[in-house]
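Being a predicted model, the structure only gives us computed values, none of them experimental.
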Amino acid sequence: MKIATYNVNGVNGRLPVLLRWLKESAPDIACLQELKAPQEKFPLQAIEDLGYQAIWHGQKSWNGVAILSKVGEPVEVRRALPGDPEDLHSRYIEANINDLRIGCLYLPNGNPAPGPKFDYKLAWFKRLTAHAKKLLAEDIPVILAGDYNVIPTEMDVYKPESWTKDALFFPESREAYAKLVKQGWTDALRKMHPEEKIYTFWDYFRNAWGRNAGLRIDHFLLSNHFDKKLLAADVDRQVRGWEKTSDHAPVWIEIKHAVKK
DNA sequence: ATGTCTGCGATGCGCAGA
């Protein structure tokens, strides 16, 4: 079974690219972030036409997350992280798909840092970490996929010294990610490619894609149920080179898991 | 500091967010 995550940066503006990628890469399950569309403007028909069922949590202008599946209905479990009823950003959605639990997340960027946006990022991270702990305690196969807006280590950025003043690479952000992983999660991309420079995002600025000046900020965290079931993990880099593309590339994993249709 | 996308509101561009 192939599961993907993709920050589309505008689901409607990106629709041709999204549909082409879904056809060519054909993930069984796809988590999308940065829909930048209100609930009623999600392009459901075009996605259903490709054989997917979908749930999504839209928001006007900003954020927005979705879970697509063609291997069983995504049955929504929650559409926000617990812990702050006043947080109205659409950044999290979680579903059961057959016997899998999938959490799709868009962690706050946090820039400029320090400042209130960085405080929000860390507070959101704390809530995610608390929720992740509860998910592990349920002892079910769980995948937390999405745009974490964190560069975990110096290995995950083309030029670490350029990013020391950025919320994506601040020590607090990296420590929060490390603390989360340490609960017992596996960083799937890093596990399958322990020595490799892997990027999932290239800025629109300064010809970042042309220079391969990338960051690894889109991650798959897997519960220990997948320790012996992770077959492959990689980035659909070619998508970043397409016309009118997102600044992120899709990331995917392949797991040994029966597909129930 | 720069740079370039997105969506939106009020225009023929400026703004915020990333």
Spacing of the [atom1] atoms in [M] and [N] (rounded, Å):
N: B/dT11; M: B/dA16; atom1: P; result: 16 Å
N: B/dC15; M: B/dA10; atom1: P; result: 14 Å
N: B/dA1; M: B/dC13; atom1: P; result: 28 Å
N: B/dG14; M: B/dG3; atom1: P; result: 15 Å
N: B/dG7; M: B/dT2; atom1: C1'; result: 23 Å

Short side-chain N/O contact to B/dT6 OP1/OP2 from A/R14, under 4.0 Å
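Indeed, a polar side-chain atom of A/R14 lies that close.
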When the distance from NZ of A/K165 to C1' of B/dA1 is rounded to whole Å, what number comes out?
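It works out to 13 Å between those atoms.
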In whole Å, I'd like the distance from the CD atom of A/E243 to the P atom of B/dC5.
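Value for this atom pair: 10 Å.
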When all nucleic acid strands are considered with a 4.0 Å heavy-atom cut-off, which category describes A/K41: base, sugar-phosphate, or nothing?
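Counting heavy atoms under 4.0 Å across all strands, no contact is made by A/K41.
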Which parts of nucleotides 9-18 of chain B does protein reach within less than 4.0 Å, heavy atoms only, written one letter per nucleotide 5' to 3' as B for base, S for sugar-phosphate only and - for none?
S------BBB
What ring-ring contact (aromatic ring centres under 6.0 Å, His included) pairs are there with at least one residue in residues 228-249 of chain A, not counting sequence neighbours?
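Matches after skipping sequence neighbours: A/F201-A/H248.
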Tell me, which pairs form a ring-ring contact (aromatic ring centres under 6.0 Å, His included) where one or both residues lie in residues 48-86 of chain A, sequence neighbours left out?
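Non-adjacent pairs meeting ring-ring contact (aromatic ring centres under 6.0 Å, His included): A/F42-A/W56.
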Taking only residues two or more places apart in sequence, or in another chain, which ones meet A/R79 in a salt bridge (Lys or Arg N to Asp or Glu O under 4.0 Å)?
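Residues passing salt bridge (Lys or Arg N to Asp or Glu O under 4.0 Å) with A/R79: A/E76.
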Show me the donor-acceptor pairs within less than 3.5 Å that the side chains of residues 228-238 of chain A make with the rest of the protein, sequence neighbours left out.
residue : atom : partner : partner atom : Å
A/D236  : OD1  : A/W252  : NE1          : 3.0
A/D236  : OD2  : A/W21   : NE1          : 2.8
A/D236  : OD2  : A/S25   : OG           : 3.0
A/R237  : NH2  : A/N212  : OD1          : 3.4

So, using side-chain hydrogen bond (donor to acceptor under 3.5 Å, both in side chains) as the criterion, who are the partners of A/Y148 when residues are at least two apart?
none
Side-chain donor or acceptor of A/T200 paired with backbone N/O of A/R216 under 3.5 Å
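No, because the side chain of A/T200 does not come within donor-acceptor range (under 3.5 Å) of the backbone of A/R216.
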